[in-house]
Amino acid sequence: MRWSQVFIPTLREDPAEAEVPSHRLLLRAGYMRQVAAGVYAHLLLGQRSLLKIMQIIREEMDAIGAQEFYLPALNPAELWKESGRYAAYGPTILKLKDRNDHEMVLGVTHEEEMTNLARGELRSYKQLPQIWYQIQEKFRDEPRPKSGLLRLREFWMKDSYSFDLDEAGLEASYGKHYDAYRRIFDRCGLKYVIVEAYSGTMGGTHSHEFTAPTDAGEDLIALCDCGYAANLEKAEGNAPPVTDPANVGPPEPFATPGQRTIDELVKFTGENANRMIKTLVYVVESQAILVLLRGDHTMSETKLAATLGSDTFRLATPEEARALLGARLGSLGPVGLKGVRILADKALEGRRGMISGANKDDTHLRNVTPGRDFTPEFRDLRVVSAGDLCPKCGQPLRISVSVELGHIFKLGRRYSQAMHATVLDENGKEVPLVMGSYGIGVERILSAAVEQNHDRDGMFLPASIAPFEIILTAANMDDARLRDAAEKLYDEMRAHHLDVLFDDRAERPGVKFKDADLIGAALRVTVGKRKFEQGLAEIFRRSTKQIQDVKLDSVIPFLEAIRRG
RNA sequence: CGGGGCGUGGCGCAGCCUGGUAGCGCGCUUGCCUUGGGCGCAAGAGGUCCCCGGUUCAAAUCCGGGCGCCCCGACCA
């Protein structure tokens, strides 16, 4: 393509609304323009790059025997009510009514629609396994769209769904996706880590997340050099040991006037927060329970939900807590309670002589010893923090920020049972399908690639997903000899099917170089006066800024050699 | 949903406090000039000052309401 004839609206200045690098650069480089919060128009460069990403995904999905479908975004609400996710996703689903007053939804993801298709069509175990996928628009009315393409309300997702007869089949389908995803992200040139994750609203048992570490991300992951990696929602860790007093007498009340928070108590008593027990009261389906944590630890509602097997719970009000325990928040504790379920984080197991509330205003207890003074169920209930020890090897964990690029889920029978998607097995018995679901955020690949590959001057995308692999720059279009030489090179490049953008604009060289640096073509081939007179063109690698001079008649073979790697 | 910021030619901003001719830089158009890192000179075009209402002789500016966008948090793939 000729730059003079296409629309690449680069900006000299940073758009005011963009903070994170990928958002800023994708706007500046003319890849996209904003339409509304979380809604973007893709222009020439953005669309080309996204099409390349989708093609890579398509090739790798096809390679594992997945079949490309295309399901509509517009769907009847009934399906979502049937699965129970109409309520679970709540306001995130964009809902509308058609002219006959039928409730419709715009697809958030397509488990329901794919399962609906499967139950209508799949009859026999002989038809299994099936892997169906699509690259399709998703709509999510996010509470807070942000960071350009990182959190969108309308976006492209590659979503696939596997249908198997049994767990062994699911295992195989899941494994194929795991491998295909690695190839996809490798080919897109991304640095990524695979982490164990929490399944969230998707349901199901196991899942892995493919995440790209970058500061602009919003997923927190825990990492260890031994290879352990998990989303913070899911990560386990062992708190470094705390030394407690050896011999501990019975619990003993002491006055703590006005001390309500752990911080205040630390100052008041001079004890470390890791010697305190934090007591939280939760109401779980109208039943009050106690949740205990070490003073310096944070509760994970995700893990609590997993422990309870329910996500209908909330923190009790101060009044409810007083009704149960007889004291205000800040003086609550587990000692002496009868008939109340007590969950304690496992970091409290084996501890002695700690401090907790006494269930009397302005009073705490010392010498509190879990297991002796009260009997909780020990569970993993807290968010891992940096410095916790790896559950596999015992070394300290690191916490890193990353972007979730893809997520693969073992769904099991959650949808097939809810929606009665069954086949006959070899004994003629009707059995629910065992399902998996697997997603990739297409725009997030582009964003993450920019986050991981940019500098002051712009972006340098991996050649596989750059909108153009090569930009051919004629330093001066008014100089007939330079122009003719560049035109000739351009024709040759096209004849060799090289992916080239020819900057034939009547601009000064500086403008062209700045624009070329900005938009992220992997290589720049420049025809400029001085080197041209020596029969040379200049080849500039954007990522390393390394320059090589190549004879004009060797440019094509040189580029083809680079392309072959 | 809580907190904060912002809305003025295409982009980035000033003007608002203290009401009275809408301004600067970039970009755009035309001409000359220049041609290896966002050249120079000159002449131009381009604005419902987010919307609605109020106060006032007079509102970009003051007051009320609304909408939109960004950031932090909550939440969420």
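Numbered from 1 within each chain, the chains take letters A, B, ... in sequence-line order.
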Query raised in the report: When you compare B:C17 with B:C50, how far apart are their P atoms, in angstrom units rounded to a whole number?
Result: 15 Å
**Report entry** Nucleotide B:G38, atom P - distance to CG of A:D515 in whole Å
**Finding:** 12 Å
Query raised in the report: Is any side-chain N or O of A:R508 closer than 4.0 Å to OP1 or OP2 of B:G37?
Result: no
Query raised in the report: Can you find a side chain N or O atom of A:Q34 that sits less than 4.0 Å from OP1 or OP2 on B:G68?
Result: no
**Report entry** Minimum-distance nucleotide to A:E142 side chain [options: B:G36, B:C76, B:G25]
**Finding:** B:C76
Query - Proximal nucleotide (of B:C69, B:C26, B:G36) relative to the A:R12 side chain - result: B:C26
Requested in this report: Check every strand shown and say whether A:A36 touches a base, only sugar-phosphate, or nothing at a heavy-atom separation below 4.0 Å.
Outcome: sugar-phosphate
Query raised in the report: Where does the angle between the aromatic ring planes of A:F185 and A:Y181 fall among parallel (under 30°), tilted (30 to 60°) and perpendicular (over 60°)?
Result: perpendicular
Requested in this report: Taking atom P in both B:G23 and B:G44, compute the distance separating them and give it to the nearest angstrom.
Outcome: 14 Å
**Report entry** B:G9 - base-pair partner by Watson-Crick or wobble geometry, distances under 3.5 Å
**Finding:** none
Query raised in the report: Just checking A:K146: base, sugar-phosphate only, or nothing, at a heavy-atom cut-off of under 4.0 Å?
Result: sugar-phosphate
Requested in this report: Just call it for A:R33: base, sugar-phosphate, or nothing, with non-hydrogen atoms closer than 4.0 Å on any strand.
Outcome: nothing
Requested in this report: Would you classify A:E17 as touching base, sugar-phosphate or nothing, given that sugar-phosphate means primed atoms plus P, OP1 and OP2, and contacts are heavy atoms under 4.0 Å?
Outcome: sugar-phosphate
Requested in this report: Classify the nucleic acid contact of A:T211 as base, sugar-phosphate or nothing, counting any heavy atom under 4.0 Å across all strands shown.
Outcome: nothing
**Report entry** Same-atom distance (C1') from B:A60 to B:A22, integer angstrom
**Finding:** 8 Å
Query raised in the report: If you take all heavy atoms of A:Y228 and A:A235, which pair is closest and at what distance?
Result: OH-CA, 3.6 Å
Report summary line: If pairing means Watson-Crick or G-U wobble with both distances under 3.5 Å, then the partner of B:G37 is none
Report summary line: Answer for the Watson-Crick or wobble partner of B:C1, both distances under 3.5 Å, is B:G73
Query raised in the report: NZ of A:K488: more than 12 outside heavy atoms within 6.0 angstrom?
Result: no
Requested in this report: Would you mind reporting whether A:I131 and A:Y438 have side-chain heavy atoms less than 4.5 Å apart?
Outcome: no
Requested in this report: Scan A:F155 against the nucleic acid and name what it touches under 4.0 Å (heavy atoms): base, sugar-phosphate only, or nothing.
Outcome: base
